Participant: 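Handing you a structure now.
To find a chain, count down the sequence lines: A is the first, B the second, and so on, and within it residues start at 1. Source: prediction; values computed, not measured.
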Amino acid sequence: MTPSRTLEAVALTKTYGSPTTATHALAGVDLTVGPGESVAIMGPSGSGKTTLLHLLAGVLAPTAGVVRWDGRSLTDLSDRERTALRRRDFGFVFQSGQLLPELPAQENAALPLLLDGVGRAEATARARQWLGHLGLAGTEERRPGELSGGQAQRVAIARALVGSPGVIFADEPTGALDRTTGWEVMKALTTAARAQGAALVVVTHDTEVARWCGRIVEMRDGRIVRELQQAGATS
Amino acid sequence: MTTLRLWFLLRRRSSGRSDPAGLTGVLAVIAFAVTTAIALVVVGGLAAFVQRALAPGASDDDGTYVFLAGFATLLLLVPLSTLGGAAARLAVARRDARLAALRLAGATTGQVAALTVLDAGVQAVLGAVVGVAGYGALLPLVARLSFQDRTFDVAELWVGLPGLLAAIGAVVVIALASAVSSLGRVAITPLGVAARTTPPGLRVIRLAALVVAVVGVVVANAALSGGAGTIMLVVLMAMVAAGMATLNVVGPFVLGLVGRLTARGARRPATLLAGRRIVDDPRGAWRSVGGVALATFIAGITAVASLFGADGGGGEQEVLVRDIGTGGLLTLAIAGIVAGVSTGVMQAGRVIDQRQAYRNLVLAGTDTRVLDAARFRETLIPLLAAAGTAAVSMLVIIAPLLGLSTFAQPQVLVQYVLSVLAAGGLVLLGAAASTPVARRMVAQEA
């Protein structure tokens with residue numbers, strides 16, 4: 001895939017529950033994430049950060065508004081097409097790695113490629129390459145239970161990057177890590193995304209994490225209340 | 001606050017069936033209920049034969065029926081205990097987060113252990129009571145079976161109040177023993193439970209049991225060639241029991257090996273996941289399908305018995321041989337059902353255990369069909385390995401006694417294959433039953 005595509009959200013709203021007990025998680029959000037751009041979405045609990053991330057990634061469908069990726073509306077796609085899109089064009093990093101405990105590191109990292117039909121030898125070779133880039137050479141055969149929190153999170157980053165995605169979505173990627181390890185993980189994530197030319201969307205409540213991104217979007221009550229460009233993002 | 005009060009408080013605050021712990025509780029109760037109901041049916045059947053043997057005018061053949069029913073009961077105790085144990089492990093093992101939170105809040109290891117054991121005990125009692133009701137519902141059906149040319153009276157199959165209380169007590173004891181044993185293997189710290197590491201491979205020494213068994217077969221065969229029919233029957237039963245014991249030692253080792261080979265040669269992610277999961281817990285995989293190994297053994301004996309029954313000859317001997325066939329099919333059906341329920345319960349427990357990883361895989365674009373296929377193969381591969389191993393062992397035992405040609409008879413072969421397929425089908429049905437749980441977990445979290 002060519003990492004030169006734009007992710008665009010227009011007038012997004014998301015409402016949960018019935019009309020009488022409706023909760024408005026998002027109330028008209030516009031956001032554009034350009035190729036290779038890094039954006040941190042911040043805000044207090046319940047502000048709509050994770051809902052926005054799920055809508056941008058095509059996990060949830062908006063109540064109103066549209067999300068476009070590479071000019072295509074995600075809402076026009078069938079569930080199967082959106083699943084395939086997430087597998088091929090997007091990468092995901094979650095709070096505590098969420099690796100499969102039975103698989104060694106290299107197979108966890110290779111999983112998106114295997115799921116997309118890439119041959120095992122090639123998928124594993126590419127995964128090993130990414131593990132090497134992320135300083136994990138020698139841990140390929142270890143299972144998640146034998147890795148430290150930081151190592152497991154870097155395996156998750158390798159898994160997110162191995163399919164050469166256009167956008168990487170990270171939901172509180174350092175939430176389960178100590179400060180030093182979190183710093184190392186964010187450095188690995190932003191450096192690798194930049195090297196890949198992938199955009200990065202990070203949901204966080206941690207200003208230290210947000211400093212790694214070129215733009216900070218602050219949310220409150222389902223709306224974007226402030227946007228801040230960071231000329232000198234940590235790197 | 002006492003541990004008991006704390007337990008009551010936590011019970012009241014339980015978030016219900018949508019809570020993973022609540023769902024595992026429901027599964028555990030179902031498993032305890034099936035264990036109790038089937039155990040009571042089996043013991044009730046044995047009691048009925050004992051009553052017939054003790055009745056005035058009973059013949060020597062009545063004693064043979066008691067022996068055979070007792071043997072079937074002993075054989076079925078293995079998968080029933082496995083199911084009871086699986087239910088207890090469900091009651092204990094899926095409470096990691098809650099137990100860790102309690103430790104963090106200041107509960108002692110002893111308090112946490114007591115709470116867990118209380119949970120398992122209460123679920124066992126609930127399940128056993130439901131199982132007693134199930135036994136009551138099954139009685140009229142079982143009474144329609146014909147042995148010794150007559151059907152049962154419901155009264156013959158009724159184990160009485162002491163029997164019911166003993167069954168409930170036995171299920172609770174199994175649950176508590178398994179709960180305590182499982183707790184011993186889990187280090188519950190305030191930060192959670194111990195993370196899983198690469199499991200050590202099972203030792204090759206297990207294969208020594210196979211060598212001992214083969215030597216035993218050869219010796220027994222040589223010593224008993226030309227022996228009387230009854231002695232042959234006793235020896236055959238002893239060899240089947242020894243064969244089952246050997247299989248339970250060798251089976252997990254074979255599955256570990258099969259899992260490694262599967263993972264190494266896997267070309268599709270579903271097969272890779274299945275292989276890795278078998279390697280992760282070969283004993284668990286064996287527990288899940290071990291009932292089919294038992295069923296494969298029983299199917300062999302039943303099929304051979306059907307051949308002798310067809311020879312005719314009339315009289316009590318013909319009835320006995322025919323009844324051995326009926327009893328074998330009944331034991332086979334029970335073993336298949338127990339194995340199916342065990343598989344369903346274990347698979348569902350695993351899905352609940354890994355719900356977060358499942359959810360995130362789906363978020364990241366994994367087709368749920370791949371996960372379903374992985375779960376299916378996780379059962380199918382051990383199933384084929386268990387049935388294959390048991391079939392070979394069966395031939396090793398039967399062939400020297402009755403000749404390999406016995407199995408070449410179309411009637412024997414067809415009945416044998418159909419029986420094994422039916423038992424295997426029940427296990428696969430059990431695995432398929434975990435699919436709605438998987439869907440629910442993914443839908444609930446996404």
Participant: Test of understanding: with salt bridge (charged side-chain N to carboxylate O under 4.0 Å, His left out), list the residues that count as partners of A:E81, not counting sequence neighbours.
Facilitator: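 Counting only residues at least two positions away or on another chain, A:E81 forms no salt bridge (charged side-chain N to carboxylate O under 4.0 Å, His left out).
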Participant: I need the contact set between residues 108-129 of chain A and chain B: heavy-atom distance under 4.5 Å, sorted by residue number.
Facilitator: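 Result: A:L111, A:L114, A:L115, A:R120.
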Participant: Are A:R87 and B:T366 packed together at the side-chain level, in the sense that at least one heavy-atom pair is separated by less than 4.5 angstrom?
Facilitator: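 No, their side chains stay 4.5 Å or more apart.
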Participant: Test B:L363 against every option in A:V59, A:D171, A:T83 by the side-chain contact (heavy atoms from CB on, under 4.5 Å) rule and name the one that passes.
Facilitator: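 Exactly one candidate clears the test, A:V59.
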Participant: Using salt bridge (charged side-chain N to carboxylate O under 4.0 Å, His left out) as the criterion, list what pairs up with B:D367, not counting sequence neighbours.
Facilitator: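 Counting only residues at least two positions away or on another chain, B:D367 forms a salt bridge (charged side-chain N to carboxylate O under 4.0 Å, His left out) with B:R369.
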Participant: So, using salt bridge (charged side-chain N to carboxylate O under 4.0 Å, His left out) as the criterion, who are the partners of A:R179 when residues are at least two apart?
Facilitator: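 Residues passing salt bridge (charged side-chain N to carboxylate O under 4.0 Å, His left out) with A:R179: A:E208.
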Participant: Pair A:E102, B:V279 - check side-chain contact (heavy atoms from CB on, under 4.5 Å), show working.
Facilitator: CA-CA 8 Å; A:E102 307 92 341; B:V279 174; over 6 Å; no
Participant: Among B:R268, B:R264, B:R267, which has the most heavy-atom pairs under 4.5 Å with chain A?
Facilitator: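 The residue among B:R268, B:R264, B:R267 with the greatest pair count is B:R264.
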Participant: Answer with side chain, backbone, both or neither: which region of B:A270 has an atom nearer than 4.5 Å to a non-hydrogen atom of chain A?
Facilitator: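 Neither part, no heavy atoms under 4.5 Å.
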Participant: What is the minimum heavy-atom distance between A:H54 and B:R359, and which atoms define it?
Facilitator: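 Looks like CE1-NH2, 3.5 Å.
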Participant: Is chain B contacted by the side chain of A:R80, its backbone, both, or neither, given a heavy-atom distance below 4.5 Å?
Facilitator: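 When you check distances to chain B, only side chain atoms of A:R80 fall under 4.5 Å.
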